[in-house]
Number of protein chains: 2
Amino acid sequence: MAAATPLPVAELIARHQDTLDRAVAAAGSRDYWSPYPEFPKAYGESAAADGKAAFDALLGREFELPGHPDGGEPVTGEASPWGHLPAARAGGGIELGVSYPHAEPDALLAALEAARPAWAKAGPAARAAVCLEILARINARSHEFAQTVMHTTGQAYGMAFQAGGPHAQDRGVEAVAYAYAEQTRLPRSAQWTKPQGRRDPLVLTKEFTAVPRGTALLIGCNTFPTWNGYPGLFASLATGNGVLVKPHPRAVLPLALTVRIAREVLAEAGFDPNLVCLAAEREGSAIAQVLAVRPEVKLIDYTGSTGFGDWLEDNARQAQVYTEKAGVNTVVVDSTDNYRGMLDNLAFSLSLYSGQMCTTPQNLLIPRTGIRTEDGERSYEQVVADLAAAVEGLLGDDARAAAVLGAVVNPGVLQRSAAAAGGELGELALAPRVVASPEFPGATIRTPALVKADADKPDDLSRFLTECFGPIAFAVAVESTAAAVELLHRTTVEHGAMTAGAYTTDPEVETALIDACLDAGVSLSLNLTGGVYVNQTAAFSDLHGTGANPAANSAYCDAAFVANRFRTVEIRK
Amino acid sequence: MAAATPLPVAELIARHQDTLDRAVAAAGSRDYWSPYPEFPKAYGESAAADGKAAFDALLGREFELPGHPDGGEPVTGEASPWGHLPAARAGGGIELGVSYPHAEPDALLAALEAARPAWAKAGPAARAAVCLEILARINARSHEFAQTVMHTTGQAYGMAFQAGGPHAQDRGVEAVAYAYAEQTRLPRSAQWTKPQGRRDPLVLTKEFTAVPRGTALLIGCNTFPTWNGYPGLFASLATGNGVLVKPHPRAVLPLALTVRIAREVLAEAGFDPNLVCLAAEREGSAIAQVLAVRPEVKLIDYTGSTGFGDWLEDNARQAQVYTEKAGVNTVVVDSTDNYRGMLDNLAFSLSLYSGQMCTTPQNLLIPRTGIRTEDGERSYEQVVADLAAAVEGLLGDDARAAAVLGAVVNPGVLQRSAAAAGGELGELALAPRVVASPEFPGATIRTPALVKADADKPDDLSRFLTECFGPIAFAVAVESTAAAVELLHRTTVEHGAMTAGAYTTDPEVETALIDACLDAGVSLSLNLTGGVYVNQTAAFSDLHGTGANPAANSAYCDAAFVANRFRTVEIRK
């Protein structure tokens, strides 16, 4: 089919060559770069309103995917964590009411298998260009995506826009760049000339072709459907595989819209749109277990619970499985020359999206003998009280608090917040507060609980050494900084961690921290006191996760994330 | 320990920088290159005699590995497939009589774990230099290695020298180059500057460190202990892991000598020699099963049977497992403009090392309607008879035959050859012949059997569609070239293949063959009629295997072979 419309693909390659070159260069230099502005206003005066209108138009109706396998009862069931949708529908409501086409695994996988050959033959440059066109069109609709992310994840609009929009798209472009670089590392063709002394040399021509693995399965998550979904989706697609997108049942719309746009671009470029299909599921239908072990599925990307991630690694033996699971993130507080900056930075890290990020710090390890600051010593009690005050200061105003915290994403998080509020997790240094959103009065919003704990008390240890996902942090008193470094190491090795942070002005402590993090396999953010937070990583510069501890078996994005999504076949003559 | 002797490592880096740079460049250009001469005479007048003397000096005594874990009953039991050792020992004999230190898994793994930290910290440049020094010292002793390979694998001396010496070393250098390139793809340190409009930009410094996975286990094979062992050994070592070498019980000496040299270089460079340990085992002791599932073992490289390869993939869940297993290699014969060249090339491919290569063609698919040549049509019967005659011509002289065939490596191969000779596998186009080696009268040497088969007879199909390792090839009559291409595809997808070959002068057939091989995931050699054979691949240019069909899950050597042997940890400030 591609041969019938050669012009669009050539045009797409020309259109996106500069972006591709810059992305490859940025991934090499690791300096700041993004093809997409992160400020909402950069998208035009009316973009926010247009995006909201486009979102409203999606609600309460069938989600159209022309040519997509279909047949079963449509799937529906998403509800906004904001408690109320500002829909064009009379009265609004909490249900998104979007119904998605449903098809059986056989039909979905057959459609994907049929679509694969032309894409496999298209080559890395064409595939990269088509992927970048998909991402560019997604980017142009960032405000619409922000609404879909906001009303499925509970993120506040500003975060849903940035993390669900340009930052997620950046991770997609990054994956495309890595996939392209990896597939073109060998020359397309080479001549091999081996001298034979006085005889004629041996000469062979050799051609190297990247061949895809098969069909890829993307299993999306509830909290960051696009940010955690795009790396795997675009890495698999750019390496020539078809992709079956199985969103979390509570966060279908952002990925369904992604699938629709991908299908439109593929069709326009002369490819079979069924290269990207949607496996919408009703909550509890367990379709992921069925799909994950199908022989056609050769690649799986998953973000979610440790339980199902481990199940995938154990059972989906026919596939390469890339997982991001649960972890327990630690911050060591030893000393600082910017106490105020440290407190504000930590307060924001704990509060952003109600701690519902896989990168949010959970355990703050503070020597019970206190810490050194630019104004002298601060006791453990004082540091904890000052941090609680910093959080209170940040979240004192309800409107601002709602914009930082977003809404609680699911009942499990709310239960944990309530348990913390009831003192079940330990003595409270800061009780969670109920925040009312002026815009969304029905939203469930809670400020973080700061729970005191002691590393030398076994009961406390068992509480803070398990993931406590949501707005709960532990201020853990430790014997010394050395004990804190050891506990950071142990926590990471035994329970996994997506991030680690530390504050110290002591070069020896810094060295010990770095050694511990290198050995435990977790990336470390040191002395963040400004506008960069331990929970945030930037595409093209920061790796997200390491793959070296139990929290994840891969990272966004390195060569290991893409190199096994295709194989190289050589033809020599 | 490295810090105490900084000079040697710096010297090693300077000494090997040029080799490393050239290796990285060669792996990119894919033109012919090797740091090591492949002609035995290039190593000096007395090198062959010196190598033999050194080998003789190893026989019949304890193999010394100073500082190596020890304690149990020493391990011994290798016997030369040549039936007689030209040993300095009175009378020679078949037993090598080398006894290796034995230690329990706990002791071996504890020694490796203790050795790892300094190596992990040494960095990619130091590790590459140490690895290249090990390889250079191995290279200087290529004649000694040739003797060890010859008298454990049964390879003839010429092949044992080249494939077991410089060509194996090339694959080691290639793995080091890939490992180095991959670990240095990110800058060691980078500055990230994100503009903030009129405010000061956000600035972070970021450091990226490659961290190893843990201990690697190399499970060696009987036929190519060094050639199949060095890629995994050096890929793991160069990426900072310790390596436990578990040779095949019948081919210990080549890898034991490798381990000894590696330990010498490591110690001289200031590292703990226990970074590379030897797990010699008595035949049947099944130590590999015990070691493979130990939590310390994070990487496994394996060459051998499909059964144990599958067991490793299923059970060694804590490790990255790289396997090369059994396959059924196919050559399609459609047409040629160099009939003589084709026959001679095929005859040599079938005969080399008695077909005991994982890359030897097993099934030659020939249309029963015949093929086109530069001198007109040749019937199936004629092609088969001409090929049989070509093999007979190549192997007519016993001394030359022994130098091409080598000795039968184990009783299983001999049984299969006998079964073929007895007509159990089908009608013989060429019966195996017993060859007497003038130099080694006790050696078991057999010429290839060429068995006729018909692709449309189910009984035949079941015989030639399973691996028949050793000097047995099937001349399979097929309905047409199209049927041959389809059977090549099916064989590869269902049974795996390390190689595929074809002869055709028809561009349409060539296209169909290429499409079939790209889809099935096997590399294809087209129209080889000169001094290059389908069973041979050259480091830095050819990939060995693809990892895209059941015969292997990885290839020598690509980024996927090294990228998961380490992870990257980021420190940002």
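The sequence lines fix the lettering, A, B, ..., with proteins before strands; numbering per chain opens at 1.
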Please flag which part of A:Arg213 lies under 4.5 Å from any non-hydrogen atom of chain B: side chain, backbone, both or neither. side chain
Which answer fits A:Phe208, side chain, backbone, both or neither, if we ask what part of it has an atom under 4.5 Å from a heavy atom of chain B? side chain
What residue, out of A:Phe39, A:Phe566, A:Trp33, A:Trp192, has the most heavy-atom pairs lying under 4.5 Å from chain B? A:Trp192
Greatest number of non-hydrogen atom pairs under 4.5 angstrom with chain B, of A:Ser525, A:Ala555, A:Ala548, A:Pro117, falls to A:Ser525
Measure distances from A:Asp542 to the heavy atoms of chain B and classify the residue's part below 4.5 Å as side chain, backbone, both or neither. both
Below 4.5 Å, heavy-atom pairs only: which of B:Gly214, B:Ser523, B:Ser554 has the largest tally toward chain A? B:Ser523
Given heavy-atom pairs under 4.5 angstrom as the criterion, report whether the side chain, backbone, both or neither of A:Glu182 touches chain B. side chain
Side-chain heavy-atom pair B:Leu202, A:Tyr32 within 4.5 angstrom cut-off: no
Flag the pair B:Glu570 and A:Arg30 as a salt bridge only when some basic side-chain nitrogen lies within less than 4.0 angstrom of an acidic carboxylate oxygen. no
B:Thr209 and A:Ile514: CA distance, side-chain angles, deciding distance, side-chain contact (heavy atoms from CB on, under 4.5 Å) verdict: CA-CA 10 Å; B:Thr209 304; A:Ile514 291 173; over 6 Å; no
Minimal non-hydrogen separation, A:Gln536 against B:Arg572, with atom names: O-NH2, 2.8 Å
Could you tell me which of A:Asn527, A:Asn564, A:Leu543 has the largest number of non-hydrogen atom pairs under 4.5 Å with chain B? A:Leu543
Quick check against the 3.5 Å criterion: does A:Asp31 have a side-chain atom that pairs as donor or acceptor with the backbone of B:Ala190? no
Checking A:Ser29 against chain B: side chain, backbone, both or neither under 4.5 Å from a heavy atom? backbone
Per-residue tally against chain A (heavy atom, under 4.5 Å) across B:Arg565, B:Gln196, B:Lys206 peaks at B:Lys206
So A:Val211 and B:Thr546, do their side chains get closer than 4.5 Å, heavy atoms only? no
Top contributor to chain A interface from B:Val522, B:Asp314, B:Asp519, B:Leu513 [non-hydrogen pairs under 4.5 Å]: B:Asp314
Please flag which part of A:Ala120 lies under 4.5 Å from any non-hydrogen atom of chain B: side chain, backbone, both or neither. neither
With only heavy atoms counted, which part of A:Val562 is less than 4.5 Å from chain B, the side chain, the backbone, both or neither? neither
In terms of heavy-atom pairs under 4.5 Å with chain B, which of A:Ser541, A:Pro195, A:Ala538 leads? A:Ser541
CG of A:Asn553 to CD of B:Gln320, rounded to nearest 0.5 Å, is 8.0 Å
Does the side chain of B:Leu518 come within less than 4.5 Å of A:Lys121's, by heavy atoms? no
Quick one: what part of A:Leu204 sits under 4.5 Å from any heavy atom of chain B, side chain, backbone, both or neither? side chain
So, the part of A:Lys194 with a heavy atom under 4.5 Å from chain B: the answer is both
Given the options A:Gln191, A:Arg185, A:Arg199, A:Glu313, which has more heavy-atom pairs under 4.5 Å with chain B than any of the others? A:Arg185
With a 4.5 angstrom heavy-atom cut-off, is it the side chain or the backbone of B:Ala502 that approaches chain A, or both, or neither? neither
Considering only heavy atoms and a distance below 4.5 Å, find which of A:Lys298, A:Glu510, A:Glu207 pairs most often with chain B. A:Glu510
Contact summary for A:Pro187 and B:Gly28, nearest pair of heavy atoms: CD-O, 3.1 Å
Run A:Asp558 and B:Arg567 through side-chain contact (heavy atoms from CB on, under 4.5 Å) and show every step you take. CA-CA 9 Å; A:Asp558 59 11; B:Arg567 307 299 313 173; 3.2 Å; yes
Measuring heavy-atom distances to chain B, does A:Leu528 have an atom under 4.5 Å in its side chain, in its backbone, in both, or in neither? side chain
